[in-house]
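All residue numbers in this chain count up from 1 along the given sequence.
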Amino acid sequence: MKRNGSDKENEHNTRSPNFGLNATEKTRRDGGCSWLVCLAGFLIQSIVGAQGNISGIIFAGLLDKYNDNSRSQTAWVTAIAVGVSEIFGMIPAILGNHFGFANVIMLGGVICAVGMFTSSFAPNIYVLYLTYVGTLALTPFVAHLLQSVGLARTFQILAGIQLVIVCSGFMIRLVPPPSKSDQLHSESERKSGFDWTIFKNKGYMTFVVALCLFMPAYLVHVHLVRLAKDSGVDSIKAALLVSFAAFGSVTVRPFFGKLMDMRYVNRLTAMQITLLLLSVSSTLVPIATNYEWLATYAFFSGFLEGCFVISLPLTVQDLVEENQQALALGSLFCFRSLPKTAGPSIAGWIYDVTHSYDIAFFSAGAVTLLSTCLMFLVPFFQDRSLSKRKEIPRLLRNPELYQKEIIAAKETCL
């Protein structure tokens with residue numbers, strides 16, 4: 001039976017490994033639902049990412065209000081918030097598989113809003129440890145709020161912003177349900193439960209250890225603003241350093257993501273280069289004696305952080321089976337939460353003892369370099385058969401590449 005032109009336009013080469021070479025499947029027009037999910041994801045990532053970026057501004061505000069506490073004690077507020085959000089990384093993955101990720105997103109938004117709102121009534125720093133749980137646009141906004149309405153009212157306004165996450169989760173729920181075959185596949189995955197075999201994957205576990213070694217160095221967003229203020233920079237200009245870092249991160253992500261999709265790019269090596277450059281930049285912070293150099297470092301570190309954030313899930317994807325990816329990422333976040341939580345407070349303790357951030361940034365550069373070197377062991381422990389199994393579906397999804405591989409193999413044999 002002859003197909004009309006519109007039917008041909010709705011067909012594409014399947015991206016599912018369950019189909020043979022050149023197999024096609026008809027795609028349904030989703031009426032823009034994919035863009036709705038993309039918008040919701042953008043809003044969620046903007047708010048969640050900004051929460052980490054503004055931690056340095058919040059840290060400076062906490063020091064001004066609770067000035068009887070040391071910097072190491074004050075740094076625990078934002079550090080615990082980051083650590084707790086990651087230590088439970090496996091739980092959202094499991095809940096999402098059972099109840100749907102849109103529902104989990106909405107629940108997370110409510111919890112964040114409640115935590116932020118109750119933080120506005122905290123009488124001391126220790127209560128904030130329990131209650132305190134966003135990027136480019138929020139940085140000057142939060143800095144202005146702290147100066148104009150104070151810390152408590154700033155927390156209340158941020159609590160309202162957290163409710164955008166709930167609305168974003170509801171937007172995702174509006175998307176039509178998947179096809180029957182996709183539902184059956186999803187149900188089979190949900191019944192599988194927790195897959196403990198990922199912890200037997202030596203390549204993945206070596207990568208986890210290397211990342212945990214790097215995490216204490218993840219302190220730039222917490223202490224950079226205070227470092228600038230200690231150097232005589234006014235509060236608004238100091239807060240703009242976070243905007244420079246966020247701008248660098250946002251700028252590089254689309255291009256670096258495209259680079260990581262290229263066939264001949266080794267994702268693990270790209271991450272190692274990123275961490276090596278982060279190591280060098282961290283050790284140079286003590287010689288940044290003026291605001292211009294601090295701004296340059298902020299942009300460059302944000303640029304490299306954007307590369308790191310993009311390469312992390314893609315590297316994990318190369319190390320585990322496809323049905324283990326969500327759990328592997330959640331487990332990685334859980335493992336790295338403790339060293340990541342301790343890092344900012346260790347840096348604060350170093351400042352309390354030495355009255356300088358120099359040793360803190362030198363140490364950050366050193367542990368980042370050690371983490372980079374440890375990653376050289378990952379390929380030695382990586383499951384070779386896993387790499388081959390991942391290569392076959394990739395070739396099946398791209399007939400032209402498959403034909404090129406056959407021609408290259410024949411030429412090698414001849």
Any donor-acceptor N/O pair, Thr354 side chain to Ser356 backbone, under 3.5 Å
yes
Ignoring hydrogens, what is the shortest heavy-atom contact between Ser371 and Ala210? Give both atom names and the distance.
OG-O, 2.6 Å
Ignoring hydrogens and geometry, is there a side-chain-to-backbone donor-acceptor pair from Thr296 to Glu292 under 3.5 Å?
yes
What distance do Met271 atom CE and Leu276 atom CG have between them, rounded to the nearest 0.5 Å?
13.5 Å
Atom CZ of Phe303 with >12 non-hydrogen neighbours under 6.0 angstrom:
no
Identify the two heavy atoms, one from Leu304 and one from Ser281, that lie closest to each other, and give their separation to 0.1 Å.
CD1-OG, 4.4 Å
Interatomic distance, CG@Leu151 vs CG@Leu62, rounded to 0.5 Å, equals 5.5 Å
Please determine whether the number of non-hydrogen atoms from other residues, nucleotides or ligands lying under 6.0 Å from atom NZ of Lys202 exceeds 12.
no
Could you walk me through whether Leu312 and Arg336 satisfy the side-chain contact (heavy atoms from CB on, under 4.5 Å) test, starting with their C-alpha distance in whole Å, then the side-chain angles of each, then the deciding distance to 0.1 Å, before giving a yes or no?
CA-CA 13 Å; Leu312 179 60; Arg336 76 176 192 175; 3.4 Å; yes
Any non-hydrogen side-chain atom of Asn201 less than 4.5 Å from a side-chain atom of Thr197?
no
Does Leu224 form a side-chain contact (heavy atoms from CB on, under 4.5 Å) with Val242? I'd like the steps, not just the answer.
CA-CA 8 Å; Leu224 185 59; Val242 182; over 6 Å; no
Give a yes or no on whether the backbone of Met260 and the side-chain of Arg267 come within a donor-acceptor separation of less than 3.5 Å.
yes
Take Leu294 and Leu227 through the test side-chain contact (heavy atoms from CB on, under 4.5 Å) and record every step on the way to the result.
CA-CA 9 Å; Leu294 286 176; Leu227 172 63; 4.2 Å; yes
Any donor-acceptor pair under 3.5 Å linking the side chain of Tyr291 with the backbone of Lys237?
yes
Please check if atom CZ in Phe255 has more than 12 non-hydrogen atoms from other residues, nucleotides or ligands closer than 6.0 Å.
no
Spell out, as yes or no, whether a donor-acceptor pair under 3.5 Å connects the side chain of Ser282 to the backbone of Leu278.
yes
Leu275 versus Phe308: any side-chain heavy-atom pair under 4.5 Å?
yes
Donor-acceptor contact below 3.5 Å, side chain Thr368 vs main chain Phe214:
no
So CD of Gln272 and CG of Leu369: to nearest 0.5 Å the spacing works out to 11.0 Å
So, do Val209 and Met205 sit near enough that their side-chain heavy atoms are less than 4.5 Å apart?
no
Distance (rounded to the nearest 0.5 Å) between Leu338 CG and Cys212 SG
8.0 Å
Is there a donor-acceptor pair closer than 3.5 Å between any side-chain N or O of Tyr357 and the backbone N or O of His223?
no
State, with a plain yes or no, whether a side-chain heavy atom of Gln156 is found less than 4.5 Å away from one of Phe121.
yes
Non-hydrogen atoms of Leu163 and Ala113 that approach each other most closely
CD2-CB, 3.6 Å
Would you call the rings of Phe335 and Phe199 parallel, tilted or perpendicular if under 30° counts as parallel and over 60° as perpendicular?
perpendicular
Show, in sequence, the C-alpha distance, side-chain angles and deciding distance for Leu314 and Asp318, and conclude whether the side-chain contact (heavy atoms from CB on, under 4.5 Å) test is met.
CA-CA 7 Å; Leu314 296 177; Asp318 291 339; 5.7 Å; no
Are there over 12 heavy-atom neighbours, none belonging to Leu39, within less than 6.0 Å of that residue's CG?
yes
Exercise: identify the closest heavy-atom pair between Ala328 and Val316:
CB-CG1, 3.8 Å
So, the side chain of Ser345 versus the backbone of Ala342: is there a donor-acceptor pair under 3.5 Å, distance only?
no
Identify the heavy atoms of Thr283 and Gly365 that sit nearest to each other, and give their distance.
CG2-CA, 3.8 Å
Would you indicate whether the side-chain heavy atoms of Ile287 and Leu284 approach each other to under 4.5 Å?
yes
Gap separating the NE2 atom of His355 from the CG atom of Asp230, nearest 0.5 angstrom:
11.5 Å
Using ring pair (Phe, Tyr, Trp, His ring centres under 6.0 Å), reason through Phe376 and Phe380 one step at a time and then give a plain yes or no.
CA-CA 8 Å; Phe376 282 111; Phe380 293 99; 9.1 Å; no
How far apart are the closest heavy atoms of Ala298 and Leu241, and which atoms are they?
CB-O, 3.4 Å
Working to the nearest 0.5 Å, report the span between CZ of Phe207 and CG of Leu374.
10.5 Å
Do Ser249 and Val309 have side-chain heavy atoms sitting under 4.5 Å apart?
no
